[in-house]
Number of protein chains: 2
Amino acid sequence: MSDAYYLHLTDRLRDLIQDPEAFEDDRLPSERVLAERFHTTRVTLRQALAQLEGEGRIHRSNRRGWFVSPPRLDYDPTRDAGFNDYVKAQGRRPRTEVLLTDIRPHRPAAEALGLPLDQPFHHIRRRRFVDDRAVLSESLWVVPERAPQLLEGDFTHSLWGQLRGRWGLTLAHRSLRLYSEAIREQEAEELGVAAGTAGLCVRRTILDEQRRPVEYDEEHWLHNALCIAVELENSV
Amino acid sequence: MSDAYYLHLTDRLRDLIQDPEAFEDDRLPSERVLAERFHTTRVTLRQALAQLEGEGRIHRSNRRGWFVSPPRLDYDPTRDAGFNDYVKAQGRRPRTEVLLTDIRPHRPAAEALGLPLDQPFHHIRRRRFVDDRAVLSESLWVVPERAPQLLEGDFTHSLWGQLRGRWGLTLAHRSLRLYSEAIREQEAEELGVAAGTAGLCVRRTILDEQRRPVEYDEEHWLHNALCIAVELENSV
DNA sequence: TAGTGGTCTAGACCACTCT
DNA sequence: GAGTGGTCTAGACCACTAC
């Protein structure tokens with residue numbers, strides 16, 4: 001159908017990328033070098049790079065350059081395997097940074113959990129890395145009554161694990177919403193990418209066995225960093 | 001942080017779009033007209049449009065123009081509500097076109113279902129519309145032993161419903177994989193968009209109660225057409 | 001300070017859609 | 001045939017990173 005030169009370029013770059021020995025550090029040569037090598041302009045070359053970025057094969061770190069993307073991480077948002085656990089289980093290196101903890105109301109959380117809009121929450125914001133690449137920025141809002149003294153804990157590990165272990169909560173009713181998005185300024189900065197980069201947003205609302213509101217969270221992932229994988233038994 | 005002109009343009013266009021009376025047909029003025037109106041070039045203007053496209057606010061129909069995108073469709077891939085049903089339930093108008101039915105082996109289906117690579121499947125390919133916009137291209141591969149004479153049926157309606165109703169199958173074990181992608185040539189053509197457009201791919205593998213392979217399918221959605229919404233009870 | 005990607009200009013021609 | 005988006009050229013300057 002289309003024989004645009006940038007699509008041809010895309011194919012050739014894709015081949016290049018698939019050779020694991022092609023570049024050091026998984027870093028691509030600069031746009032100017034590539035443009036010259038392929039006898040075209042930076043604009044056209046960048047169209048090809050953008051295409052590969054959409055395919056999830058390469059990504060950029062703001063103004064540092066283009067890099068070959070590692071395989072996607074498998075992630076099951078319906079389970080609480082704990083980020084550190086499932087990243088390690090896939091042979092990757094996890095890291096978590098807690099950016100902020102405080103207590104404050106949050107309208108979307110209140111709405112999702114069916115609480116008054118001025119309801120204060122325990123709020124935790126963190127950034128998570130796979131092999132030293134920041135791939136996820138997330139915020140969690142926990143109903144204080146369900147987990148008093150929560151904020152005195154350590155949040156570099158699984159929150160759900162703590163809710164179960166320290167407060168005996170069962171996270172019985174889970175509602176998930178998941179959609180593609182353009183990453184906003186704040187999250188983009190935290191992830192070291194340009195605002196508007198393609199992302200995947202996962203929002204969860206959790207109630208316990210008595211349908212009491214427990215937690216609401218929002219995850220912003222780099223779109224090419226993950227593959228959502230869910231296993232379900234019975235009940236259609 | 002950034003005060004690029006195209007981001008300012010993005011803001012102004014976003015405002016314009018949010019006025020439901022701004023354009024007829026939800027169609028934006030042409031790129032040349034907009035570029036002139038905002039005293040810039042088409043290149044810069046297109047950056048702003050691409051931004052809004054990433055946000056899911058507008059979309060293009062190949063060479064026809066830019067359009068304001070309708071709200072996303074809520075979709076639960078773990079259930080078989082039937083496309084027609086859940087689209088109607090959200091006040092939208094569904095339509096399904098069957099593009100192809102045949103019998104043939106398919107390697108990804110065979111691998112996912114744990115069958116020999118030369119295993120033939122009943123194959124159905126269809127395209128689905130919401131309010132006359134093609135939003136989904138999908139292929140389904142069904143194990144013939146589970147549903148003989150399947151291909152004599154009508155596929156403009158729910159396949160899972162038929163598997164349950166006509167063959168008494170329970171779709172007990174469902175494995176889902178879900179990731180962002182760039183839409184490939186064939187699907188792009190079927191959806192009337194440019195190859196490389198952002199998409200969301202949903203792949204499902206279904207076994208029955210005795211863990212016998214039943215079905216494998218692949219859905220390619222326009223990324224801004226849907227919001228995955230899943231409700232889960234118990235068992236973490 | 002050199003090099004990178006990010007942004008932008010002012011054009012051009014082409015393939016396709018619409019009527 | 002007129003108008004649309006799709007592709008492309010050949011430059012330029014800027015903000016930021018890495019050294």
Side-chain angles (χ1 to χ4, degrees), chain A residues 1-11 13 23-54 58-68 132-134 182-183 185 188-189 191-197, chain B residues 1-11 13 23-54 58-68 132-134 182-183 185 188-189 191-197:
Chain A
M1 172 189 166
S2 178
D3 49 358
Y5 184 58
Y6 83 90
L7 290 175
H8 169 67
L9 257 184
T10 307
D11 292 338
L13 288 170
F23 330 104
E24 257 179 79
D25 274 354
D26 290 329
R27 188 195 201 115
L28 271 67
S30 81
E31 293 180 359
R32 285 166 180 85
V33 167
L34 286 173
E36 191 168 1
R37 183 185 305 176
F38 292 106
H39 308 293
T40 185
T41 61
R42 267 182 77 206
V43 176
T44 302
L45 180 91
R46 278 168 66 85
Q47 264 186 290
L49 292 174
Q51 193 78 9
L52 292 171
E53 187 183 32
I58 61 175
H59 63 274
R60 47 186 136 183
S61 182
N62 216 352
R63 282 175 214 276
R64 291 203 312 125
W66 292 88
F67 299 84
V68 178
D132 287 324
R133 175 187 177 205
I183 293 179
E185 193 111 3
E189 208 166 331
L191 297 173
V193 298
T197 298
Chain B
M1 171 189 166
S2 179
D3 49 358
Y5 184 58
Y6 84 91
L7 290 175
H8 169 67
L9 258 184
T10 305
D11 293 338
L13 288 170
F23 330 104
E24 257 181 78
D25 273 354
D26 291 329
R27 186 195 202 115
L28 272 69
S30 81
E31 294 180 359
R32 286 168 179 83
V33 168
L34 287 172
E36 192 168 0
R37 183 186 305 175
F38 292 107
H39 307 292
T40 184
T41 60
R42 267 182 77 206
V43 176
T44 302
L45 180 92
R46 278 169 67 86
Q47 265 186 289
L49 292 174
Q51 194 78 9
L52 293 171
E53 187 183 32
I58 62 176
H59 64 274
R60 47 185 136 183
S61 182
N62 216 353
R63 283 176 212 277
R64 291 205 310 127
W66 291 89
F67 300 84
V68 178
D132 287 323
R133 175 187 177 207
I183 292 179
E185 193 111 2
E189 207 166 330
L191 297 174
V193 299
T197 298

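Below, read A as the first sequence line, B as the second, and so on, with proteins coming before strands; counting in each chain starts at 1.
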Asker: Verify the contact: side-chain N or O of T40(A) to OP1 or OP2 of dC8(D), cut-off strictly under 4.0 Å; return yes or no.
Answerer: no

Asker: Roughly how many Å is it from CD in E31(A) to P in dG11(D), rounded to a whole number?
Answerer: 17 Å

Asker: How close do A48(A) and Y6(A) get, heavy atom to heavy atom, and via which atoms?
Answerer: CB-O, 3.6 Å

Asker: Expressed as a whole number of angstroms, how long is the span from H39(B):NE2 to dT9(C):P?
Answerer: 12 Å

Asker: How many Å lie between CZ on F67(A) and P on dT4(C), as a whole number?
Answerer: 12 Å

Asker: Any idea which heavy atoms bring A194(A) and T197(A) closest together, and the distance?
Answerer: O-OG1, 2.6 Å

Asker: Is the shortest side-chain N/O distance from S30(A) to OP1 or OP2 of dG3(C) below 4.0 Å?
Answerer: no

Asker: Provide, to the nearest angstrom, the distance between the CZ atom belonging to R32(A) and the C1' atom belonging to dA2(C).
Answerer: 11 Å

Asker: Please give, in whole Å, the distance from dT7(D) C1' to L9(A) CG?
Answerer: 12 Å

Asker: Output the distance between atom OG1 (T40(A)) and atom OH (Y5(A)), rounded to the nearest 0.5 Å.
Answerer: 6.0 Å

Asker: Could you state the atom-to-atom distance from CZ of R63(A) to P of dG3(C) in whole Å?
Answerer: 18 Å

Asker: Side-chain N or O of R27(A) less than 4.0 angstrom from OP1 or OP2 on dT4(C)?
Answerer: no

Asker: W66(A) has an atom CH2; how far is it from atom P of dG5(C), in whole Å?
Answerer: 9 Å

Asker: What nucleic acid atoms does R64(A) come within less than 4.0 Å of, heavy atoms only: base, sugar-phosphate, or nothing?
Answerer: sugar-phosphate

Asker: Return the residues of residues 44-54 of chain A meeting this criterion: a heavy atom under 4.0 Å from some atom of DNA chain D. Order them by number, or give none.
Answerer: T44(A), Q47(A)

Asker: Might you point out which heavy atoms bring E31(A) and L45(A) nearest each other, and give the distance in Å?
Answerer: O-CD2, 3.4 Å

Asker: Let me spell it out: for each of V43(A) and S61(A), pick the nucleotide of DNA chain C with the closest heavy atom. Which residue's pick is nearer the 5' end?
Answerer: S61(A)

Asker: Any idea which heavy atoms bring R42(A) and A35(A) closest together, and the distance?
Answerer: N-CB, 4.0 Å

Asker: Give the rounded distance in Å between these two atoms: OH of Y5(B) and C1' of dC13(D).
Answerer: 18 Å

Asker: Could you report the tightest heavy-atom contact between I58(B) and V68(B), atom names first, then the distance?
Answerer: CG2-CA, 4.3 Å

Asker: Quick test of your reading: applying salt bridge (charged side-chain N to carboxylate O under 4.0 Å, His left out), list the pairs with at least one residue in residues 58-68 of chain B, sequence neighbours left out, ordered by first then second residue.
Answerer: E53(B)-R60(B)

Asker: Does R42(B) make a side-chain donor-acceptor contact with the base of dG11(C), cut-off 3.5 Å?
Answerer: no

